[in-house]
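All remarks here apply to the structure that follows.
Remember, it's 1-based here, ligands and their atoms both numbered in the order they're listed. As a basis for the values below, the full set of heavy atoms in this structure was taken, side chains included, without hydrogen atoms, waters or symmetry mates.
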Amino acid sequence: MANIEITDLSMSYQKDKKILDDLSLNIKDGELLSILGPSGCGKTTMLRLISGLIPIQKGTIRVSGKDISKVPVYKRNFGMVFQSYALFPHMTIFQNITFGLKRRKLDKKTIEKKALDILDITGLSNLKDRMPSELSGGQQQRVSLARALAINPSVLLLDEPLSNLDAKLRIEMREEIHRLQQKLKMTTIFVTHDQEECFAISDRVALMNKGQIEQLDTPQNIYKNPKTEFVARFIGYDNFISKEWAESKQWQFHKEITGKLLTIRPENIEIGSGENNLLGKVISKNFLGNYYQYIVETEIGTLKVNTTEDQSSTNAEITLNFPKQSLIELEDK
Ligand SMILES: Nc1ncnc2c1ncn2[C@@H]1O[C@H](COP(=O)(O)OP(=O)(O)O)[C@@H](O)[C@H]1O
Ligand SMILES: [Mg+2]
């Protein structure tokens, strides 16, 4: 079991281009923490620094209080799963799973028992004699997870492990990861750019932007109370309103607003008049399965409005209502 303390971590591949910029983050013992952020924001770089695949340039990483900068990769006892399954193609599933155990110089019986146990809890027992090329993508990723778990790691690092799987398998596998993580109570960092995936399984989410953590919170709090415009945009708020403009229209707020910018989710804007109104014209309407989305042109820009029932049509002039309880204040940046 382990907790991880990352303090003032900075990293550059090239001079003058900081990929991580004094990033600090604590991960609790047994927690599943997701790092969520757009492609290129430095997620993989951070995991590589933790795992020891690249050396630390500045800052410290402590695991259970111990600075790991000088500990070689194989002694860190971390399990890693990557987007590409990275199985050894010439070895059977059983051999893939025992590989890391053999390097730990355990006796043959212990290795076999550990491998069979992990095959059992990951549901792979019947595939143990196959070659990786004889498995589907989902099964290969399951093997890769089993291989990471076999060494009984103190920390599990997952770098977009589901990105190469189709939608249905992604959901199955994320539930599987969640189940195993809870069963084994392993401190886990799960990197993803997919919001739903991360909200579904995480204890806490660290939203990353430009090499720093922009917000660290539970999935519920991030969803309900994004702190910055970046976070709000990333999780689909889409509509932004300046406080100055809203005040000029005598809009009502449920509390005093000190920031300059407000946001509201597309599903919280109502069609029809109410306490905070704005006129607009529907420029497109899309049926998206469990909701309709209207793109509405207004004096403050193009807004997105989602409703469960079909409430308008393209080219219609409509009044929108912005209920005060749904207006979220953002921090000035
Ligand atoms: N080995 C490398 N050499 C130079 N630049 C790199 C290297 N690896 C990653 N980068 C750059 O660092 C930035 C962050 O990359 P990465 O950590 O892979 O982001 P993410 O995993 O969030 O997509 C990107 O701009 C990427 O191009
Ligand atoms: Mg990456």
With sequence neighbours excluded, residues passing ring-ring contact (aromatic ring centres under 6.0 Å, His included) with F322: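 Applying ring-ring contact (aromatic ring centres under 6.0 Å, His included) to F322 gives W251.
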Option from R233, Q215, E214 for which side-chain hydrogen bond (donor to acceptor under 3.5 Å, both in side chains) with T228 holds: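 So the option named by the test is E214.
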Looking only at the side chains, is there a donor atom on one of [X] and [Y] sitting less than 3.5 Å from an acceptor on the other?
X	Y	result
Y85	R147	no
S273	N321	no
D194	T192	no

Residues which pass salt bridge (Lys or Arg N to Asp or Glu O under 4.0 Å) with E134, listed by chain and number, not counting sequence neighbours: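 Not a single residue meets the salt bridge (Lys or Arg N to Asp or Glu O under 4.0 Å) criterion with E134.
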Residues in contact with ligand 1, criterion: heavy atom under 4.0 Å: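 Within the 4.0 Å shell of ligand 1, which is judged on heavy atoms, sit Y13, K17, I19, P38, S39, G40, C41, G42, K43, T44, T45.
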Rounded distance (nearest 0.5 Å) linking atom CG of L124 with atom CZ of R130: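 Those atoms lie 10.5 Å apart.
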Lys/Arg-Asp/Glu bridge criterion (N-O < 4.0 Å) met for E112, K108: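 Salt bridge absent between E112 and K108.
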Carboxylate-amine/guanidinium proximity below 4.0 Å for R174 and E196: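 Salt bridge: yes.
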N, O or S atoms of the protein lying under 2.8 Å from the Mg ion (ligand 2):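 Metal shell, protein only: T44 OG1.
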